[in-house]
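Throughout, protein chains are lettered first and strands after them, A, B, ... in sequence-line order, and every chain is numbered starting at 1.
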2 protein chains.
Amino acid sequence: MKTVGVGLLGFGTVGTGVIRLLNQDQPQVEQSTGYHISIEKVLVNNLNKERKINIDKHLLTINPDDVLDNPNIDIIIEVMGGVEQTRNYLHRAFQNKKHVVTANKDLLAVYGPELLQAAKDHGCDLYYEASVAGGIPILRSLTDGLAADRIQKIIGIVNGTTNYILSKMSREPVSYDQALGEAQSLGFAEADPTSDVEGLDAARKMVILSHLAYSIPVDLDDVTIEGITGVEREDILYSQKLGYAIKLVGVTETTNGQIDIRVSPTLLPSTHPLAAVENENNAVYVYGEAVGETMFYGPGAGELPTATAVVSDLISVVRNLSLDVNGHHIFIPSKEKQCVSSETIVSRFFFRFHVKDEKGAFSKISNLLKDHGISLEKLIQEPLSDQVAEVAIITHEVNKVLFEKALRKLEALDVMIDVKNYYRVEGMKR
Amino acid sequence: MKTVGVGLLGFGTVGTGVIRLLNQDQPQVEQSTGYHISIEKVLVNNLNKERKINIDKHLLTINPDDVLDNPNIDIIIEVMGGVEQTRNYLHRAFQNKKHVVTANKDLLAVYGPELLQAAKDHGCDLYYEASVAGGIPILRSLTDGLAADRIQKIIGIVNGTTNYILSKMSREPVSYDQALGEAQSLGFAEADPTSDVEGLDAARKMVILSHLAYSIPVDLDDVTIEGITGVEREDILYSQKLGYAIKLVGVTETTNGQIDIRVSPTLLPSTHPLAAVENENNAVYVYGEAVGETMFYGPGAGELPTATAVVSDLISVVRNLSLDVNGHHIFIPSKEKQCVSSETIVSRFFFRFHVKDEKGAFSKISNLLKDHGISLEKLIQEPLSDQVAEVAIITHEVNKVLFEKALRKLEALDVMIDVKNYYRVEGMKR
């Protein structure tokens with residue numbers, strides 16, 4: 001049997017999972033590819049650190065050259081993370097005719113098109129299924145399974161940390177801070193959760209999905225990003241009363257060739273399949289012109305789910321090797337980028353406010369909304385005290401700029417105590 | 001640009017969708033494959049039948065040789081259905097070195113391994129994504145996206161007709177016959193719905209999924225099949241009260257190398273993602289050893305969803321042509337088949353009965369159950385009249401043979417009026 005040499009850059013959680021899977025599934029991998037997989041070198045930070053699995057100490061190195069320039073290595077698995085240095089390493093890998101499998105969403109969201117071009121120029125493979133939604137094979141589904149369709153819109157719950165926090169707040173009387181604390185103690189949130197809770201992690205994944213779905217080379221700067229740190233439990237409770245769940249979703253959609261890409265807490269109808277995605281799970285909901293609506297659900301992170309995606313990619317590279325067709329499956333976003341103008345965005349909105357409970361208060365508010373062309377789909381009012389009422393409203397579709405202008409005017413009304421949060425509302429259909 | 005010739009066997013709903021997609025997406029297909037797709041011939045039953053889309057009449061033929069022996073045709077799309085004649089046509093296609101894309105689950109469930117071997121022997125492709133769960137790219141996900149994992153169990157809602165009927169009965173006070181009538185009038189059920197409602201259609205799809213998931217060449221005869229014609233609305237109502245939904249699911253699982261494959265109405269926890277799959281939609285829930293639980297959701301049938309799967313397969317064949325690697329992606333189930341013995345099957349069960357509401361009745365029943373090693377997880381009793389109570393029970397895990405024996409003894413008790421239906425119960429985890 002022929003042997004293919006594999007090197008790892010990084011030996012953290014995902015790297016450990018990859019070695020674990022390869023050890024245990026070697027016979028299966030050999031049967032499905034015809035190759036024996038040989039781990040040749042693993043780049044680590046610390047040679048003496050205790051490892052969770054047994055590994056021959058001679059395989060470990062702190063010198064990246066031992067991987068990048070190693071003539072016995074055909075395929076490099078990049079699970080070290082980071083952006084600038086890792087980018088340089090991958091360029092060197094391609095120059096040395098090594099194929100790459102990576103789980104690095106930060107890198108792909110920023111340098112994806114550049115690295116894909118470099119891989120193609122050198123006849124190398126670059127696979128990155130694990131970078132989006134961990135164990136869910138969503139990237140392949142877009143490039144192969146739905147290849148015949150025109151994707152119109154994708155809504156993704158692509159960050160497990162924020163989905164865990166919002167699920168928790170939906171079920172139990174806990175604040176954002178309490179839910180975050182529990183997520184941290186369970187390992188679903190990092191000590192510094194900023195990139196998750198501020199929506200940046202989800203934005204990176206939506207950039208990668210947009211590349212594949214529309215072939216449009218969007219940048220991270222094109223994404224409108226809003227995190228969940230401001231979400232209050234009252235927002236969730238009123239949403240539930242109105243028949244909705246609040247989820248942090250990424251949305252990417254094209255209309256007339258213009259792309260709109262955003263990440264924000266958003267109301268989804270409680271009967272929408274995405275509303276049932278609980279805890280740390282991920283799901284990607286795809287609207288195709290011909291296929292209609294499909295959803296891909298599963299674990300978005302974790303050692304073995306992510307390692308499964310990495311090793312499945314590795315198997316694809318080895319199959320390509322056996323057929324001598326490496327570098328032919330590279331898909332580089334090639335269309336011209338046209339972002340939708342923020343002035344033209346139309347949406348339904350949820351908003352919540354505290355108002356003085358006095359005669360005429362409500363007609364002042366409804367007149368103001370009417371004057372801005374805002375009509376109401378659903379409304380709940382509940383007393384907070386003798387003098388104060390809490391109101392939550394879902395509007396019909398309205399121009400976003402107009403809506404935000406109306407909110408500022410609402411805040412200035414004498415009867416208004418406080419305008420709380422507002423969020424976009426998605427429907428059942430596109 | 002090079003041209004690839006395509007012939008169609010059949011021009012019904014799916015065939016029409018394929019031509020429609022190819023007409024409208026020709027530029028996209030050309031860009032993604034580098035080939036122009038030319039429809040050369042379409043086998044029909046009736047040359048003069050009115051068609052839903054414009055097609056050059058000269059392309060139509062009633063002579064299969066015009067497709068099967070046509071030197072201008074490289075790829076055949078089989079959407080005529082049927083088993084024996086179609087099998088012969090595909091063998092001829094492979095002998096003539098033509099690649100095949102098919103949506104024919106009946107054929108694949110019976111002659112899948114034989115046809116795959118024939119394709120491989122002649123260096124031809126045979127793709128059949130559309131045969132299971134219409135627009136959901138589940139077959140590719142099993143062979144590629146989850147290639148590194150060991151699949152342990154699959155639960156599929158793979159028949160839209162029965163899911164529509166059971167959804168309808170869950171929401172509205174209609175009987176099975178009424179729900180079936182509505183499904184027929186909406187086009188979700190055929191005039192003769194036998195193969196759907198008796199579970200045969202779902203069984204065929206579970207056979208195909210088992211081939212890919214386990215590489216075990218199961219036959220249709222290995223599937224234990226029970227349809228939905230006996231499901232009563234009361235079964236659904238009591239299930240809901242106990243926190244469950246009833247769905248017609250196919251289940252295929254392996255334990256210690258033995259396979260258990262079945263189709264039956266089954267209780268799923270109402271919080272299970274499959275329980276939220278409503279109406280004519282399909283979903284396939286996969287339990288992988290490493291990846292954990294993933295679900296693939298979408299439309300299971302329909303002209304354009306199914307055509308999307310067919311044309312995505314066609315694009316794969318054309319990409320293979322451009323790389324000269326046809327016939328290399330064929331996956332033939334190769335392991336030895338060992339079916340689980342029905343005597344060893346263990347499950348939780350739901351059952352419902354009518355009992356005389358008299359002193360000591362319940363202790364007779366509970367003693368009988370205890371004597372058969374059956375313990376109860378949940379129970380509801382409601383009065384039907386002064387003399388009669390209706391009882392629904394969910395058991396803990398019990399041997400199926402013992403359980404069925406206990407049911408027969410229950411029926412013989414003097415206090416028992418009638419033992420109604422019983423169903424297996426799935427949990428949240430494997």
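- More than 12 heavy atoms of other residues, nucleotides or ligands lie within 6.0 Å of CG in Asn23(B), so this atom counts as buried by the packing criterion.
- Contact count against chain B (heavy-atom pairs under 4.5 Å) is highest for Pro305(A) among Ala283(A), Gly302(A), Ser316(A), Pro305(A).
- Of all residues in residues 123-138 of chain A, those placing a non-hydrogen atom less than 4.5 angstrom from a non-hydrogen atom of chain B are Gly135(A), Pro137(A).
- With Glu278(B) contributing its side chain and Thr271(A) its backbone, the two residues share no donor-acceptor pair below 3.5 Å.
- Per-residue counts of heavy-atom pairs under 4.5 Å with chain B were compared for Val277(A), Leu22(A), Val310(A), Asp144(A); the largest is that of Asp144(A).
- Using modelled atom types, no side-chain atom of Thr308(B) and backbone atom of Ala148(A) make a donor-acceptor pair closer than 3.5 Å.
- Inter-residue side-chain proximity for His329(B) and Arg319(A) is flagged as unmet; no heavy-atom pair is nearer than 4.5 Å.
- Only the side chain of Ser334(B) comes within less than 4.5 Å of a heavy atom of chain A; its backbone N, CA, C and O stay farther away.
- Distance check, rounded to the nearest 0.5 Å: CG of Asp25(B) to CD of Glu289(A) gives 7.0 Å.
- For a residue to count as touching a neighbouring chain, one of its non-hydrogen atoms must lie under 4.5 Å from one of that chain's; by this rule Pro273(B) touches chain A with the side chain only.
- Contact annotation: the side chain of Gln28(B) approaches that of Arg150(A) to within less than 4.5 Å [non-hydrogen atoms, C-beta and beyond].
- Contacts between Tyr285(B) and chain A at a heavy-atom distance below 4.5 Å involve the side chain alone, from C-beta outward.
- Contact count against chain B (heavy-atom pairs under 4.5 Å) is highest for Pro299(A) among Ser215(A), Ser32(A), Gly292(A), Pro299(A).
- Interface check for chain A: of the options Gly298(B), Ser322(B), Gly288(B), the most heavy-atom pairs under 4.5 Å are formed by Gly298(B).
- Surrounding CD of Gln31(B) are at most 12 heavy atoms belonging to other residues, nucleotides or ligands under 6.0 Å away.
- Per-residue counts of heavy-atom pairs under 4.5 Å with chain A were compared for Val311(B), Leu323(B), Val325(B); the largest is that of Leu323(B).
- The side chain to side chain donor-acceptor pair (under 3.5 Å) contacts involving residues 294-303 of chain B comprise Arg20(B)-Glu303(B), Asn281(B)-Tyr297(B), where partners must be two or more places apart or lie in separate chains.
- Heavy-atom pairs under 4.5 Å with chain B were tallied for Leu139(A), Thr306(A), Asn282(A), Leu146(A); the largest tally goes to Leu146(A).
- Within the 4.5 angstrom heavy-atom criterion, only side-chain atoms of Leu21(A), from C-beta onward, approach chain B.
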